[in-house]
Amino acid sequence: MAHITHCIFDMDGLLLDTERVYTEVTQQILNEYAGGIRFTWDIKSKLMGRTGDEAAAMVVETYKLPMTTTEYLKITAVIQEELFPHSKVLPGVEKLIRHLHAHNVPIAVATSSTRSKFELKTSLNKELFELFDVIICGDDAEIKNGKPAPDLFLAAQKRLGNPPAENCLVFEDAVNGVQAGLNAKMNVVWIPDENIKKLTGPEEHGAILVLNSMAEFKPEHFSLPPFKN
């Protein structure tokens with residue numbers, strides 16, 4: 001396995017269980033404006049990792065919703081405001097983040113979320129997210145393109161002091177995110193939802209490792225300090 005010195009994490013569906021909220025919100029809108037058509041995983045998987053604007057435009061277009069992208073974002077923002085603050089940390093995440101921080105391994109979040117949505121989603125877990133050295137959000141000035149473009153990961157790399165890409169390990173749940181990590185020439189650990197795994201061929205992703213949960217990650221496989229038993 002690669003010799004890793006720096007770790008970069010996506011957030012939605014990887015650190016926090018927010019993808020469930022996105023699904024719920026989108027389905028509420030489809031129930032009201034599109035006759036209750038199901039929001040399916042083949043569509044959802046294409047949206048994951050993209051910026052809010054990109055994802056919204058794709059939903060409006062795919063389901064021919066009677067609204068503009070801006071109107072869609074306004075409606076979803078109201079529902080998300082209520083649901084996002086209750087987002088829980090996913091299994092294995094807290095243990096790994098605290099472990100890396102305790103061993104002075106530089107860590108960053110690189111999320112497509114806007115800064116305000118990041119604050120909303122992490123409001124229950126502020127203490128955990130304060131352990132990260134760097135937080136990069138989708139509306140930061142240097143981010144021109146969302147995933148699968150590498151902008152978010154390259155910005156995180158730069159802010160972490162420009163370590164070589166081969167020494168950076170990206171953690172992602174979305175296919176777009178895996179591609180973004182590969183486009184940044186980094187190593188990628190893929191922790192997909194079961195539904196996404198079913199849609200992706202076994203060799204299509206390009207990740208160095210595929211896990212069912214962050215709880216399965218073994219740091220020593222990447223020359224990182226091992227967990228103490």
Side-chain angles (χ1 to χ4, degrees), residues 4-16 18-19 21-22 25-26 44-61 68-70 72-74 76-77 80-81 84 87 93 97 106-123 125-126 128-192 196 205-207:
I4 297 302
T5 57
H6 295 66
C7 295
I8 305 174
F9 297 83
D10 173 52
M11 181 176 71
D12 291 303
L14 188 279
L15 299 178
L16 292 176
T18 48
E19 288 300 343
V21 174
Y22 278 115
V25 171
T26 306
K44 182 175 172 65
S45 65
K46 295 185 176 88
L47 306 181
M48 291 171 69
R50 296 191 183 274
T51 64
D53 286 0
E54 287 173 339
M58 287 170 77
V59 171
V60 170
E61 170 60 29
T68 64
T69 300
T70 304
Y72 177 87
L73 286 167
K74 276 186 186 159
T76 56
Q80 288 168 354
E81 191 105 9
F84 273 144
S87 302
V93 167
I97 298 309
I107 50 178
V109 171
T111 175
S112 302
S113 285
T114 61
R115 187 71 54 171
S116 60
K117 286 264 166 66
F118 168 82
E119 299 292 348
L120 190 64
K121 292 169 184 175
T122 60
S123 54
N125 299 285
K126 277 194 187 308
L128 181 65
F129 280 87
E130 281 167 2
L131 300 180
F132 286 91
D133 301 288
V134 169
I135 307 285
I136 302 291
C137 292
D139 58 348
D140 288 358
E142 65 264 54
I143 308 304
K144 304 295 181 224
N145 303 290
K147 301 169 186 175
D151 300 30
L152 281 154
F153 295 130
L154 294 176
Q157 178 187 20
K158 186 177 176 187
R159 293 267 295 281
L160 286 171
N162 265 328
E166 64 265 25
N167 299 136
C168 295
L169 189 61
V170 165
F171 292 80
E172 264 288 354
D173 68 310
V175 175
N176 284 326
V178 172
Q179 194 55 54
L182 296 174
N183 287 340
K185 306 287 189 280
M186 297 174 184
N187 301 285
V188 184
V189 171
W190 188 34
I191 310 179
I196 290 182
H205 50 77

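Along the sequence shown, residues carry numbers from 1. Remember, predicted model here, so these are calculated numbers, not experimental data.
Below 30°, between 30° and 60°, or above 60°: for F9 and F132 the angle between ring planes is above 60°, a perpendicular geometry.
Taking the side chain to side chain donor-acceptor pair (under 3.5 Å) definition, one finds that D12 meets it with T18, S113, K121, sequence neighbours left out. Among residues two or more places apart in sequence or in another chain, the ring pair (Phe, Tyr, Trp, His ring centres under 6.0 Å) test is passed with F153 by none.
Considering CG of L73 and CD of Q80, their distance stands at 8.5 Å, rounded to 0.5 Å. Rounded to the nearest 0.5 angstrom, D139 CG and S116 OG are separated by 6.5 Å. To the nearest 0.5 Å, atom OG of residue S112 and atom CG of residue D151 are 10.0 Å apart. Residue Q157 holds its CD atom at 9.0 Å from NE2 of H6, rounded to the nearest 0.5 Å. The NZ atom of K147 sits 11.0 Å away from the OG1 atom of T51 when rounded to the nearest 0.5 Å. With values rounded to the nearest 0.5 angstrom, L152 atom CG is found 12.0 Å from N183 atom CG.
For the pair N176/P148, a side-chain contact is recorded, criterion being any heavy-atom separation below 4.5 Å from C-beta on. A heavy-atom distance below 4.5 Å is not found between the side chains of E172 and L14.
For F84 and Y22, the ring centers sit closer than 6.0 Å to each other.
Formation of a donor-acceptor pair under 3.5 Å by the D133 side chain with backbone atoms of I107 is found in this model.
Counting all heavy atoms, side chain and backbone alike, A156 lies closest to A110 at CB-CB, 4.4 Å. Heavy atoms only, all atoms of each residue included: I8 and L160 are closest at CG1-CD1, 4.1 Å.
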Full working for side-chain contact (heavy atoms from CB on, under 4.5 Å) between E142 and R159: CA-CA 11 Å; E142 65 264 54; R159 293 267 295 281; 4.0 Å; yes
